[in-house]
*Asks:* 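My structure is below; once you've seen it, I'll send some questions.
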Protein chains: 2
Amino acid sequence: MPRAGLSAERIIGEAAELADEVGFEQVTVSALARRFGVRVASLYSHLDGSHDLRTGIALLALEELTDRAATALAGRAGRAALLAFAEVYRDYARQHPGRYAASRYRLDPETAAASAGVRHARLLRAVLRGYDLTGDEQTHAVRLLGSVFHGYVSLELEGGFSHSAPDSERSWARIVEVLDGLLRNWPDPSHSDASRTEASQPEASQ
Amino acid sequence: MPRAGLSAERIIGEAAELADEVGFEQVTVSALARRFGVRVASLYSHLDGSHDLRTGIALLALEELTDRAATALAGRAGRAALLAFAEVYRDYARQHPGRYAASRYRLDPETAAASAGVRHARLLRAVLRGYDLTGDEQTHAVRLLGSVFHGYVSLELEGGFSHSAPDSERSWARIVEVLDGLLRNWPDPSHSDASRTEASQPEASQ
DNA sequence: GCAAATTTCCTAAAACCTTTAGGCTTCTGT
DNA sequence: ACAGAAGCCTAAAGGTTTTAGGAAATTTGC
């Protein structure tokens with residue numbers, strides 16, 4: 001009988017396809033073997049198991065996403081860079097929901113440190129070079145952007161914004177626009193904020 | 001032999017505990033049976049299966065979270081309400097990571113419509129009553145807040161912000177503060193934005 | 001108070017997924 | 001051609017899910 005021609009790369013690639021089709025959670029060594037027309041045990045010559053498979057998809061997704069972001073960011077700065085990054089991020093998640101979910105799979109520290117994830121994080125921080133933010137404030141801003149992007153895309157994929165008044169497309173565009181404005185006019189970390197509304201009652205936090 | 005005294009409520013409650021201890025993904029009918037010192041099949045008299053179990057945890061979490069939010073929001077408006085909501089949200093997620101993950105479990109539409117989720121969404125929108133936002137802009141703002149809250153908490157639980165320069169606590173506080181400022185000075189949806197920085201190059205979006 | 005009805009929990013079993021061990025067969029290089 | 005390596009296979013054990021049907025404990029009705 002002829003061989004199936006498996007290899008770690010092909011397997012991870014098919015697994016990524018499968019993830020996009022049926023969801024990252026549903027990616028299973030069994031389903032993958034069926035897809036290759038091969039017995040389950042055969043895959044274990046190329047994989048270290050289920051965790052390894054998921055890690056592989058995650059690394060692939062991080063790399064693809066980061067490459068897209070790098071391409072989109074080349075030659076852009078400030079607002080244009082922010083828009084480009086945001087578009088790439090959301091488009092990737094919508095085109096490849098399974099891979100996107102995989103990119104959030106928890107990697108062990110060494111694997112994560114060697115992954116495209118760090119390059120992706122650097123790119124996001126690079127977007128902020130177009131704005132006037134430094135030190136801790138820049139970090140806060142990076143975390144804000146990361147949270148909005150991930151949070152929005154994640155809620156959207158869960159179906160959170162479907163079938164309601166302004167369509168998700170519009171909200172996304174508007175939010176990114178608003179964030180650009182926020183970054184351009186990033187408020188000083190003055191301790192008594194409360195700049196321009198009715199008097200601030202100093203409420204206890206709990 | 002004496003009975004274990006199971007009931008749907010007790011089972012869901014234990015399942016929520018288990019989720020917080022080992023993670024929502026790891027909550028399994030088997031593990032739960034072991035915890036009760038009971039055979040697996042015994043739980044099937046009280047549950048419709050695994051999906052039903054997860055749904056139960058999700059509904060419990062949504063209710064707890066919403067109750068906390070409602071309590072925290074009573075008598076507060078504007079900035080104070082935003083701070084309170086944010087604190088409740090993050091605290092709940094940190095105290096009950098498994099339940100929090102459960103609260104993001106995808107429910108079927110009817111179940112979702114009858115869940116505390118809709119009350120929770122109303123509460124978040126109510127927070128915005130303290131700011132001057134209406135119509136679509138209010139919806140965009142609700143989605144922004146939801147994204148930031150969920151995104152931040154989710155990244156934090158994944159370990160994204162640990163062991164790096166400004167601790168997560170500070171970033172959270174600062175981000176909420178910045179959001180308050182943003183909501184108070186929400187920019188007009190003017191079509192040619194680019195209000196106060198260097199001349200805006202009209203870059204194509206792709 | 002007790003028998004009947006009901007509920008609770010059990011054993012048994014089938015189906016599926018994961019993982020390891022070890023064997024045959026197909027390639028590859030010399 | 002043939003020895004070694006690599007690829008895919010059968011076999012098997014262990015775990016989870018779910019259904020079917022039985023036995024014991026509790027509750028209910030008289």
*Asks:* Tell me whether the centres of the aromatic rings in A:Y92 and A:H96 are closer together than 6.0 Å.
*Replies:* yes

*Asks:* Contact class for B:S45 vs. all strands (heavy atom < 4.0 Å): base, sugar-phosphate, or nothing?
*Replies:* base

*Asks:* Return the value, rounded to whole Å, for the distance between atom CG of A:L32 and atom C1' of C:dT18.
*Replies:* 14 Å

*Asks:* Between C:dG22 atom C1' and A:R39 atom CZ, what is the distance in whole Å?
*Replies:* 17 Å

*Asks:* Give the rounded distance in Å between these two atoms: NE2 of A:H51 and C1' of C:dT19.
*Replies:* 15 Å

*Asks:* In whole angstrom, what separates A:H46's NE2 from D:dC9's P?
*Replies:* 10 Å

*Asks:* Indicate, with a heavy-atom threshold strictly under 4.0 Å, whether B:T28 touches base, sugar-phosphate, or nothing.
*Replies:* sugar-phosphate

*Asks:* Given D:dC8, C:dC10, D:dT17, identify the nucleotide with an atom nearest to the side chain of A:V38.
*Replies:* D:dC8

*Asks:* So with a 6.0 Å cut-off around CG of A:D136, is the heavy-atom count from everything else above 12?
*Replies:* yes

*Asks:* Side chain of A:A41, heavy atoms from C-beta onward: which of D:dT16, D:dT10, C:dC17 has the nearest atom to it?
*Replies:* D:dT10

*Asks:* Within 45 degrees of the ring normal and closer than 6.0 Å to the centroid, is that where the cationic atom of A:R99 sits relative to A:F24?
*Replies:* no

*Asks:* Let me know the distance between CG of A:L43 and C1' of C:dC17, rounded to the nearest Å.
*Replies:* 13 Å

*Asks:* For D:dC9 and A:S42 - does any side-chain N or O of the residue sit under 4.0 Å from the phosphate oxygens OP1/OP2?
*Replies:* yes

*Asks:* Could you tell me how far apart A:E25 (CD) and C:dC16 (P) are, to the nearest whole angstrom?
*Replies:* 21 Å

*Asks:* State whether B:S50 places a side-chain N or O below 4.0 Å from either non-bridging phosphate oxygen (OP1 or OP2) of D:dT16.
*Replies:* no

*Asks:* Between C:dC9 atom P and B:R34 atom CZ, what is the distance in whole Å?
*Replies:* 18 Å

*Asks:* Is the shortest side-chain N to carboxylate O distance from B:E156 to B:R94 below 4.0 Å?
*Replies:* yes

*Asks:* Between B:L6 (CG) and C:dT6 (P), how many Å, whole number?
*Replies:* 21 Å

*Asks:* On the ring face of A:F149, is A:R90 found with NZ or CZ under 6.0 Å from the centre and within 45° of the axis?
*Replies:* no

